[in-house]
2 protein chains.
Amino acid sequence: MEEREHDIYRKFQDLLSSKGVKPSFQRLLILEYIIKNKNHPSAEMIYQQISKNIPTLSRTTVYNNLNLFVKKGILTTLKTSDSESHYDIVDKPHAHFYCSVCGRIIDIDLKMPFFSRTFIQGHKIEEVKIQFLGICKKCLQ
Amino acid sequence: MEEREHDIYRKFQDLLSSKGVKPSFQRLLILEYIIKNKNHPSAEMIYQQISKNIPTLSRTTVYNNLNLFVKKGILTTLKTSDSESHYDIVDKPHAHFYCSVCGRIIDIDLKMPFFSRTFIQGHKIEEVKIQFLGICKKCLQ
DNA sequence: ATTTAATATTGTAATGATTACAATATTAAT
DNA sequence: ATTAATATTGTAATCATTACAATATTAAAT
């Protein structure tokens with residue numbers, strides 16, 4: 001990790017550090033992939049891509065770090081009808097649209113009363129997940 | 001299936017028939033379990049209970065029929081942080097609260113603008129799932 | 001009613017995503 | 001430089017679910 005990468009990865013380093021996670025090379029690439037692609041990847045998708053840059057990468061490392069990121073509040077998991085977990089960065093609250101035709105997960109920005117609530121019917125809310133299932137704009141055409 | 005059961009299971013039979021599913025004994029017991037318990041069970045929970053009544057019951061039968069029920073719109077799946085899928089009857093739209101302490105899934109009745117919408121940002125909506133994650137009323141005490 | 005076709009159930013084996021665990025490598029602290 | 005702490009790796013295990021073939025049950029047709 002020299003000069004050039006310092007520039008590119010500084011914000012990812014800062015994000016990890018601010019959450020108490022040491023910014024290793026593997027972790028930075030995993031985080032970079034998720035943030036830059038915005039495609040809500042599965043562990044396998046991440047592994048396939050990053051192992052091109054780190055041929056020795058292990059799936060276990062990907063799983064370890066995804067779990068760590070979730071625990072630290074950096075990522076959240078999306079469970080679709082397919083068998084793999086998908087991952088999304090935690091930033092501005094938003095919903096997701098799952099297309100049953102192409103399988104894509106599409107970010108849906110919308111204002112939600114619940115996103116700002118901390119309690120519902122006496123239960124303490126820590127996270128709100130809103131999923132729309134159906135057929136996306138593209139696949140309808 | 002004689003008299004007594006006819007009375008008890010008629011509404012379940014009607015529900016299955018109306019969705020084009022033949023009301024076999026196994027299917028009726030599976031449906032009954034989910035509707036009566038309202039506990040959003042996993043396939044394994046259903047298998048454990050119903051195999052008390054049908055000792056020859058196969059897990060495959062439970063999985064087959066749960067999948068069939070979902071395909072026919074009788075049930076919907078709930079994916080929690082645990083590794084199993086959970087199942088809920090499809091009736092009045094409602095949200096779910098997942099307690100990270102006791103693991104319960106609690107029905108949350110609330111009015112939602114989305115429940116009546118058929119499109120969002122050009123995408124065709126077929127189902128809306130709203131999950132609240134946190135700590136339930138009981139576990140907060 | 002009997003035969004035939006269709007459907008449902010069952011049991012076993014396979015699949016596949018994820019995790020457990022032990023070994024090695026890397027980084028940080030003394 | 002040495003030691004301790006942490007991260008990564010590879011392999012093996014786990015566990016929910018599915019594939020598949022065999023059997024049983026139900027429905028249809030003669």
Side-chain angles (χ1 to χ4, degrees), chain A residues 1-2 5 9 12-13 16-17 19-31 33 40-72 74-87 103, chain B residues 1-2 5-6 9 12-13 16-17 19-31 33 40-72 74-75 77-87 103:
Chain A
M1 298 277 295
E2 339 65 275
E5 281 153 332
Y9 294 119
F12 301 137
Q13 287 183 7
L16 291 181
S17 298
K19 299 283 187 176
V21 174
K22 244 181 277 181
S24 72
F25 187 49
Q26 285 85 338
R27 287 171 179 169
L28 284 170
L29 288 192
I30 292 171
L31 190 63
Y33 179 82
H40 314 92
S42 65
E44 183 64 20
M45 289 165 71
I46 295 167
Y47 170 76
Q48 291 299 337
Q49 275 304 315
I50 299 185
S51 53
K52 292 179 185 170
N53 296 346
I54 313 177
T56 61
L57 181 70
S58 165
R59 274 189 186 79
T60 302
T61 298
V62 176
Y63 280 109
N64 283 345
N65 287 323
L66 288 173
N67 287 337
L68 177 68
F69 291 175
V70 170
K71 202 174 69 180
K72 295 291 189 172
I74 298 165
L75 298 181
T76 188
T77 57
L78 307 178
K79 312 245 176 179
T80 72
S81 59
D82 80 20
S83 47
E84 294 170 285
S85 283
H86 293 253
Y87 295 87
Chain B
M1 297 275 296
E2 337 70 273
E5 280 154 335
H6 260 131
Y9 295 119
F12 300 136
Q13 287 183 9
L16 290 180
S17 299
K19 299 283 187 175
V21 175
K22 245 181 278 185
S24 73
F25 187 49
Q26 285 84 341
R27 285 171 180 170
L28 284 170
L29 289 191
I30 292 169
L31 190 63
Y33 178 83
H40 315 91
S42 65
E44 183 64 21
M45 290 165 72
I46 295 167
Y47 170 75
Q48 291 299 337
Q49 274 304 315
I50 299 185
S51 54
K52 292 178 185 170
N53 297 345
I54 313 176
T56 61
L57 181 70
S58 165
R59 274 188 187 80
T60 303
T61 299
V62 176
Y63 279 108
N64 283 346
N65 287 323
L66 289 173
N67 287 338
L68 178 67
F69 290 175
V70 169
K71 201 175 69 180
K72 295 291 189 175
I74 300 166
L75 298 181
T77 58
L78 307 178
K79 312 243 177 179
T80 70
S81 59
D82 80 21
S83 47
E84 294 169 285
S85 283
H86 293 251
Y87 295 87

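Chain identifiers are assigned alphabetically (A, B, ...) following the order of the sequence lines, protein sequences preceding nucleic acid strands; residue numbering begins at 1 within each chain.
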S.K.: Reading DNA chain C from 5' onward, which residue's closest nucleotide shows up sooner: A:Ala43 or B:Lys22?
M.R.: B:Lys22
S.K.: Atom CG of A:Asp82 to atom P of D:dA16: distance rounded to whole Å?
M.R.: 19 Å
S.K.: Are any side-chain N or O atoms of A:His40 and backbone N or O atoms of A:His86, one a donor and one an acceptor, separated by less than 3.5 Å?
M.R.: no
S.K.: Please give, in whole Å, the distance from D:dT8 P to A:Ile50 CD1?
M.R.: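 Between P of D:dT8 and CD1 of A:Ile50: 11 Å.
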S.K.: Please give me the minimum heavy-atom distance between A:Tyr87 and A:Ala43, naming the atom from each residue.
M.R.: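 So the minimum-distance heavy-atom pair works out to CE1-N, 4.2 Å.
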S.K.: Check whether any side-chain N or O of B:Arg27 sits under 3.5 Å from a backbone N or O of B:Lys22 as a donor-acceptor pair, and report yes or no.
M.R.: yes
S.K.: Just the rounded figure in Å: distance from P of D:dT23 to CG of B:Asn64.
M.R.: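 For the pair B:Asn64 CG and D:dT23 P, the rounded distance is 18 Å.
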S.K.: Quick one: does B:Thr60 reach the base of C:dT12 with a side-chain donor-acceptor pair under 3.5 Å?
M.R.: yes
S.K.: Output the rounded distance in Å from NZ (A:Lys79) to C1' (D:dT17).
M.R.: 14 Å
S.K.: For a quick test of reading the model: is some side-chain N or O of B:Thr56 closer than 4.0 Å to OP1 or OP2 of C:dT9?
M.R.: no
S.K.: When both hydrogen-bonding distances must be under 3.5 Å and the geometry is Watson-Crick or G-U wobble, what is C:dA23 paired with, if anything?
M.R.: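 Result: D:dT8.
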S.K.: When the distance from OH of B:Tyr63 to P of D:dC20 is rounded to whole Å, what number comes out?
M.R.: 18 Å
S.K.: Using a cut-off of 4.0 Å on non-hydrogen atoms, how would the nucleic acid contact of A:Arg27 be classed: base, sugar-phosphate, or nothing?
M.R.: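 It contacts sugar-phosphate atoms only.
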S.K.: Have a look at A:Ser42 and say if it touches a base, only the backbone sugar-phosphate, or nothing, with a 4.0 Å heavy-atom cut-off.
M.R.: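 Nothing: the residue A:Ser42, judged by heavy atoms under 4.0 Å, touches no strand.
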S.K.: Distance check needed: D:dA16 P versus B:Arg59 CZ, whole Å only.
M.R.: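 From B:Arg59 CZ to D:dA16 P: 9 Å.
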S.K.: State, to 0.1 Å, how close B:Asp82 and A:Lys79 come at their nearest heavy-atom pair, and which atoms those are.
M.R.: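 Closest approach of B:Asp82 to A:Lys79, heavy atoms only: O-NZ, 4.4 Å.
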S.K.: Taking only N and O in the side chain of A:Asn67, is any of them less than 4.0 Å away from OP1 or OP2 of C:dT18?
M.R.: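 No, no such contact exists.
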S.K.: Would you kindly give the CG-to-P distance between B:Leu16 and C:dT7, to the nearest whole Å?
M.R.: 17 Å
S.K.: Can you tell me how far P of D:dC15 sits from CE of B:Met45, to the nearest Å?
M.R.: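 So the two atoms are 18 Å apart, to the nearest Å.
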S.K.: To the side chain of A:Ser24, which of D:dA7, C:dT9, D:dT9 is closest?
M.R.: D:dA7
S.K.: Ignoring hydrogens and geometry beyond distance, is the side chain of A:Ser83 in donor-acceptor contact with the base of C:dG16 at under 3.5 Å?
M.R.: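 Checked by distance alone, the answer is no.
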S.K.: Main chain of B:Tyr47, side chain of B:Arg59: is a donor-acceptor contact present, judged purely on distance under 3.5 Å?
M.R.: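 No: the side chain of B:Arg59 does not pair with the backbone of B:Tyr47.
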S.K.: For C:dT10, does either OP1 or OP2 sit under 4.0 Å from a side-chain N or O belonging to B:Gln26?
M.R.: yes
S.K.: What's A:Thr61 touching, base or sugar-phosphate or nothing? Going by heavy atoms closer than 4.0 Å.
M.R.: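 The residue A:Thr61 makes base contact.
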